[in-house]
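Worksheet: the structure to be examined is printed underneath.
Below, chain A is the first sequence line, B the second, and so on; all start at residue 1. Predicted model, so just to flag it, every value in this text is computed and none were measured.
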Protein chains: 2
Amino acid sequence: MTRTASVASSPTVGTDVTRVAVSTVIFSLRREPGEVRPTLVLPLVKRTRDPYEGAWALPGGWLDIAENLESAASRTLAETTGLSPSYLEQLYAFGAVDRSPSRVVSIVYWALVREDISRTESFENVAWFDAASLPPLAFDHNQIVGYALWRLRNKVGYSQIAHGLLADEFTLAELREVYEAILDRRLDPANFRRQVESSDTLLPTESFRTGSHRPARLYRYNQDVELADRGPLAH
Amino acid sequence: MTRTASVASSPTVGTDVTRVAVSTVIFSLRREPGEVRPTLVLPLVKRTRDPYEGAWALPGGWLDIAENLESAASRTLAETTGLSPSYLEQLYAFGAVDRSPSRVVSIVYWALVREDISRTESFENVAWFDAASLPPLAFDHNQIVGYALWRLRNKVGYSQIAHGLLADEFTLAELREVYEAILDRRLDPANFRRQVESSDTLLPTESFRTGSHRPARLYRYNQDVELADRGPLAH
DNA sequence: GCAAAAGTGTTACCTATACACCCATGA
DNA sequence: TCATGGGTGTATAGGTAACACTTTTGC
């Protein structure tokens, strides 16, 4: 099934006011059959009108007058990808006067989507890109993605956020590969195991992933601990 | 000299659109003559109109159509306190539908001002409060200040931000007292000295602060290192 | 058996912390 | 000289990183 990604239309007010948009940098993981390590990918929308017609841009839309910021992020995320995020956090408010021909303040969120459901539907005008090698994007969106990547790499170091990219059950090697893809460096399997086991965030199951060499125990994410601190509104 | 703190008037558009405001949580330090340790203080503005008329609120104002976000924060900060900040960083964008009778998205910044210049002028309708014991504020401003305090305490742990509260030259004890006031706990003077000396952020001078017991060497902040990472726009 | 990944043990090193101790000044 | 803060030395504990080693599977 193919749907058309919704394209935001301008609000009814004129261009002499500041308009508020909400965009989201959506990260997921793709494991190519031949590839050794998974890669970080994100969905972009091809613009169908000026400015930057034809260029790729972050999914987003105008903030509705009766809509909370995070609701707008969830809504535009669902409209673009048909997915619901496992993690959603405000990134930054971009409001430079010259970032768009008309005055637009963009409240940007960033999100994680689990890999097992991240390719179930495809939408027109939407494509997934390798986060490490993006084309020139519309507006200041390259800068925004760069900052989101920086935040993700930072946060993976002191929170349990990597779980947000994995399916329900996973091996320690799979979890380590997520860290390696985000941080772009190898981690010692032995030390990684000890660190993550001592953090009380994993629940071992009695199942094993078999198929190659010695079977690896499957773990489940401990729902009792938050993935990460999501800001001032996460009480 | 006494000036009147400017009170923002509504933009010319109607109430059926989302308006963008910019507010700032401004931290400074006050050393009471009798007190042992300095306390963290912040300026608030008494509202002169509905909603929340008579209540204390964060300094701020409406975003001008041709004004960058950070410029608006600097402008309202200067209008309220007559000061320019030693540090200014975006905190968060607050946009819940019910946070104000009309729809307002507030881009909130937080700032540090040096103590030696933080009381040079006084403005009507402005008062400085102990950051640890605030009265009930207008809108969601108590929540906002709480988050700013959390961010300040966090950032003081991994950046050189405490220098932003001190004058040009200072002793290690004075710097330590800033940390103690922010973190609200005592720090070992010996270990504090070693940590800060090994971080390459201080330049020793040949001057000494005298007047009590053994004179203490004065240090200067090393301008080569940034106070802290200020976000995606600080290139 | 052999290769390779799963999983365990051991060690070196670095940093945070606690605290004993000496130094220099004002009163 | 004594009290007090400035400043140095040192021992300990906890955590990170490197890496040798054992276990268990597929082929």
Side-chain angles (χ1 to χ4, degrees), chain A residues 31 33-38 153-160 162 166-167 169-220, chain B residues 31 33-38 153-160 162 166-167 169-220:
Chain A
R31 287 170 196 271
E35 294 291 322
V36 191
R37 296 161 63 183
R153 294 200 171 108
N154 252 287
K155 206 132 194 171
V156 85
Y158 62 87
S159 74
Q160 311 308 321
L166 283 179
E169 297 193 333
F170 48 86
T171 67
L172 289 184
E174 287 164 356
L175 181 60
R176 176 170 47 83
E177 283 167 354
V178 176
Y179 277 83
E180 291 180 340
I182 293 174
L183 299 175
D184 196 26
R185 64 186 178 93
R186 310 306 306 269
L187 300 175
D188 185 299
N191 296 330
F192 181 82
R193 164 183 300 273
R194 266 185 295 261
Q195 283 178 6
V196 80
E197 275 182 343
S198 68
S199 72
D200 261 358
T201 57
L202 291 191
L203 299 174
T205 71
E206 291 310 310
S207 314
F208 290 81
R209 171 96 71 234
T210 179
S212 72
H213 312 298
R214 175 172 172 177
R217 183 180 295 275
L218 289 173
Y219 289 80
R220 188 184 294 277
Chain B
R31 287 171 197 270
E35 294 291 321
V36 192
R37 296 160 63 183
R153 293 201 172 107
N154 251 288
K155 206 133 194 171
V156 85
Y158 63 88
S159 75
Q160 311 306 323
L166 284 178
E169 297 193 333
F170 47 86
T171 68
L172 289 184
E174 287 164 354
L175 181 59
R176 177 170 47 82
E177 283 167 355
V178 176
Y179 278 82
E180 291 180 342
I182 293 173
L183 299 174
D184 196 28
R185 65 186 177 92
R186 311 306 305 270
L187 299 175
D188 185 300
N191 296 330
F192 181 82
R193 165 182 301 274
R194 267 185 295 260
Q195 283 176 7
V196 80
E197 275 182 342
S198 67
S199 71
D200 261 359
T201 57
L202 291 191
L203 300 174
T205 72
E206 292 309 310
S207 314
F208 289 81
R209 170 96 71 231
T210 179
S212 70
H213 313 297
R214 174 174 174 178
R217 182 180 296 275
L218 289 173
Y219 289 80
R220 188 184 295 275

Among all residues two or more places apart in sequence or in another chain, which pass the salt bridge (Lys or Arg N to Asp or Glu O under 4.0 Å) test with B:E180?
-> B:R176, B:R186

Pull out every protein N or O sitting under 3.5 Å from an N or O of nucleotides 22-27 of chain C, one pair per line with the distance.
from	atom 1	to	atom 2	distance (Å)
C:dC23	O2	B:R214	NH1	2.9

For B:T205, which residues count as a side-chain hydrogen bond (donor to acceptor under 3.5 Å, both in side chains) partner, sequence neighbours excluded?
-> none

Under 4.5 Å between any side-chain heavy atoms of A:L175 and A:L202, yes or no?
-> yes

Flag side-chain contact, heavy atom, 4.5 Å: B:Y219 against B:T171 | no

Set of side-chain hydrogen bond (donor to acceptor under 3.5 Å, both in side chains) partners for A:R153, sequence neighbours left out | none

Do the side chain of A:S199 and the main chain of A:V196 share a donor and acceptor less than 3.5 angstrom apart?
-> yes

Please identify each residue that fulfils salt bridge (Lys or Arg N to Asp or Glu O under 4.0 Å) with A:R220, with sequence neighbours left out.
-> A:D168, A:E169

In numerical order, the residues of residues 174-185 of chain B whose heavy atoms come under 4.0 Å of DNA chain C are none

Let me know the distance between CG of B:L218 and P of D:dG6, rounded to the nearest Å.
-> 12 Å

ring-ring contact (aromatic ring centres under 6.0 Å, His included): pairs with one or both residues in residues 182-216 of chain A, sequence neighbours excluded | A:Y179-A:F192

How long is the line joining CZ of B:R186 and P of C:dA18, in whole Å?
-> 13 Å

With sequence neighbours left out, write down each residue that passes salt bridge (Lys or Arg N to Asp or Glu O under 4.0 Å) with A:R37, or none if nothing qualifies.
-> none

Please list, pair by pair, any protein nitrogen or oxygen found under 3.5 Å from a nitrogen or oxygen in nucleotides 8-13 of chain D.
from	atom 1	to	atom 2	distance (Å)
D:dG9	N7	B:R194	NH1	3.0
D:dG9	O6	B:R194	NH2	2.9
D:dT10	O4	B:R194	NH2	3.3

Separation of D:dT24 P from A:R217 CZ (nearest whole Å) = 12 Å

side-chain hydrogen bond (donor to acceptor under 3.5 Å, both in side chains) partners of A:Q195, counting only residues at least two apart = none

Set of residues satisfying side chain to side chain contact (heavy atoms under 4.5 Å, CB included) with respect to B:N191, sequence neighbours excluded | B:D188, B:R194

Atom CZ of A:R209 and atom P of C:dA6 are separated, to the nearest Å, by 11 Å

To the nearest 0.5 Å, tell me how far B:T210 OG1 sits from B:L218 CG.
-> 10.5 Å

For side chain to side chain contact (heavy atoms under 4.5 Å, CB included), just list the numbers for A:E174 and A:R209, CA-CA rounded to whole Å, side-chain angles, deciding distance to a tenth of an Å, and then say yes or no.
-> CA-CA 11 Å; A:E174 287 164 356; A:R209 171 96 71 234; 2.9 Å; yes

When rounded to whole Å, the CG to P distance for the pair B:L187 and D:dG7 reads 17 Å

Measure the distance from CZ on A:F192 to C1' on C:dT8 and round it to the nearest whole Å.
-> 17 Å

Pairs under 3.5 Å (Watson-Crick or G-U), crossing ones as [ ], inter-strand ones as |: DNA chain D comes out as |||||||||||||||||||||||||||

